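Counting begins at 1 with the first residue of the sequence. Just so we're clear, the structure is a prediction, and the values are computed from it rather than from any experiment.
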Amino acid sequence: MARPKEKSGMPTLKSIAERTGYTANTVSQALRNSPSVAQETRNQIHKVAREMGYVHNVVASSLRSGRTHTVALVFGDVSNMLFAIKIRELEEEFRKRGYQVLILNTDEDPELERRAIHTAISRQVDGVVLCPCQKGREGLTLMERHRVPYVLSGRYFEDEACDSVVWADYKGGLIATQHLIARGCRRILFLNGPEMISSARERGRGYRDALQASGLTPVERSVPSSMAGGVRCALDDLDRQGLRYDGIFAFSDLMALEAACWLMEHGKRIPEDVRMAGFDDILSHMCIPFGLTSIAADKRQETLYAVELLLGRVEGQSQRPAERRTMDVELVARASS
């Protein structure tokens, strides 16, 4: 039986190859941005492909290769500025390496997380970057069962051997609290996230160790990470109790900024009445008239670690031992402290 003719106006790898003078294999690699093809050649082939209106057939390609060149980014709250920064960095890096991304939100809910991962698997993604809610492990079990490579972002499970990229959260909690103590604070409130989250536990340990070394007493409140206005509720409650503090260390910059709004609404001056420090350094990506002291890490390097770990699994390193890569942190002092 004769093969069907190509539809008029539908360019293929073969027709691009004929136009450019390269082989179809070279064209295919260039359109995937393979580093094995010179940049000048890639640019030329991409230009011709655009002019011809070429659209990559993902389904046909995945049937041939067994891969879709798609990864899922599964995060608790895509409107969270830190997560938005991470997602943007990851999307850009995966795109550079020829992968498209599927972005899924879980609202820090274990059932929504399970559904999101189920959706990712049903779309035949090659891998997943997951910031786990840590209220359950159904999502991890699902990925393991379907042999989908994954990397945990920002959090880890102590008894689970899996790839992860985290910050030095204990050190961050320690140096943020030490900084406030050095600035004269003696009653430091810690607004923490839920204790089930590994980063919350580590930051809390650092906070308590810094206070203990200085003979000071901890004052902690846990704020549900998905609860809008949770910081305000916590501060309202402390105000009703008459509990006073001269410093606040917050689990995240978002919590710190919410606390700052509450303080200013209640006539408190920052840093004259209350000194503050947050965590994540999202202000390095924002332009707002408030200088919040924060704990920072190299977000670009964090992205590269996550991408390299995941694509290493996807592209053949399935048997190597699990890795936990820890990003060093530093304190960025600003006007709030």
Side-chain angles (χ1 to χ4, degrees), residues 75-77 80-83 85-86 108 131-135 152-160 164-183 185-214 216-227 230-231 234-235 238 245-260 274-284 292-299 302 324-334 336-337:
F75 282 78
D77 179 3
N80 179 312
M81 185 62 181
L82 175 65
F83 291 165
I85 292 167
K86 288 187 176 188
E108 299 286 358
C131 182
C133 71
Q134 299 200 285
K135 297 175 185 175
L152 302 185
S153 174
R155 303 170 185 176
Y156 69 92
F157 290 94
E158 294 178 359
D159 56 350
E160 198 80 51
S164 59
V165 182
V166 299
W167 289 22
D169 291 300
Y170 171 81
K171 177 181 176 181
L174 185 74
I175 63 177
T177 309
Q178 288 174 337
H179 173 75
L180 292 175
I181 293 170
R183 299 291 287 166
C185 297
R186 293 298 176 266
R187 188 72 166 159
I188 302 172
L189 168 64
F190 181 32
L191 296 170
N192 200 4
E195 277 289 312
M196 74 203 45
I197 297 176
S198 60
S199 52
R201 292 195 302 273
E202 295 292 328
R203 294 172 198 181
R205 282 202 309 115
Y207 160 79
R208 288 186 289 273
D209 283 356
L211 291 180
Q212 184 177 29
S214 296
L216 301 176
T217 303
V219 183
E220 300 184 54
R221 288 296 183 274
S222 179
V223 179
S225 57
S226 60
M227 180 180 174
V231 169
L235 294 179
L238 292 173
Y245 43 86
D246 54 9
I248 292 180
F249 169 43
F251 169 77
S252 69
D253 284 355
L254 290 177
M255 284 188 184
L257 291 171
E258 186 177 346
V274 181
R275 297 185 184 276
M276 299 188 66
F279 211 108
D280 301 332
D281 192 33
I282 62 173
L283 263 65
S284 62
L292 176 64
T293 293
S294 188
I295 297 297
D298 187 337
K299 297 182 180 70
E302 179 183 18
R324 183 190 303 165
R325 297 191 182 180
T326 302
M327 303 297 305
D328 194 19
V329 296
E330 62 179 356
L331 183 128
V332 180
R334 297 189 179 96
S336 70
S337 63

Can you pull out every salt bridge (Lys or Arg N to Asp or Glu O under 4.0 Å) where at least one residue sits in residues 205-214? Sequence neighbours excluded, please.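 Salt bridge (Lys or Arg N to Asp or Glu O under 4.0 Å) check on residues 205-214 returns E202-R205, R208-E220.
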Please report the shortest heavy-atom distance between [X] and [Y], naming the atom on each side.
| X | Y | value |
| --- | --- | --- |
| S222 | G193 | OG-O, 3.3 Å |
| E302 | S153 | OE2-OG, 4.4 Å |
| I181 | R186 | O-NH1, 3.1 Å |
| L191 | A259 | CD1-CB, 4.0 Å |
| Q178 | A210 | CG-CB, 3.9 Å |
| E258 | G230 | OE2-N, 3.8 Å |

Just how far is it from atom [atom1] of [X] to atom [atom2] of [Y], taken to the nearest 0.5 Å?
| X | Y | atom1 | atom2 | value |
| --- | --- | --- | --- | --- |
| Q134 | S198 | CD | OG | 4.5 Å |
| E108 | D77 | CD | CG | 7.5 Å |
| L174 | L331 | CG | CG | 11.0 Å |
| Y207 | L180 | OH | CG | 10.0 Å |
| I248 | L235 | CD1 | CG | 5.5 Å |
| T293 | R183 | OG1 | CZ | 8.0 Å |

Under 4.5 Å between any side-chain heavy atoms of [X] and [Y], yes or no?
| X | Y | value |
| --- | --- | --- |
| S284 | K299 | yes |
| R201 | N192 | no |
| Y245 | C185 | no |
| R221 | L238 | yes |
| F190 | I188 | no |
| I295 | I175 | yes |

Parallel, tilted or perpendicular: which one describes the rings of F279 and F249, with boundaries at 30° and 60°?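 Geometry flag for F249 against F279: tilted rings.
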Salt bridge or not between R203 and D169? Use side-chain N to carboxylate O under 4.0 Å.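 Salt bridge present between R203 and D169.
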Salt bridge R334-D281, side-chain N to carboxylate O under 4.0 Å: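 Yes, this pair counts.
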Expected output: side-chain R155 to main-chain I197 donor-acceptor under 3.5 Å: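 It does not hold such a pair.
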Between I282 and L254, does a side chain to side chain contact (heavy atoms under 4.5 Å, CB included) hold up when you go through it step by step? CA-CA 8 Å; I282 62 173; L254 290 177; 3.8 Å; yes
Would M81 and D253 count as a side chain to side chain contact (heavy atoms under 4.5 Å, CB included) here? Give the steps. CA-CA 9 Å; M81 185 62 181; D253 284 355; over 6 Å; no
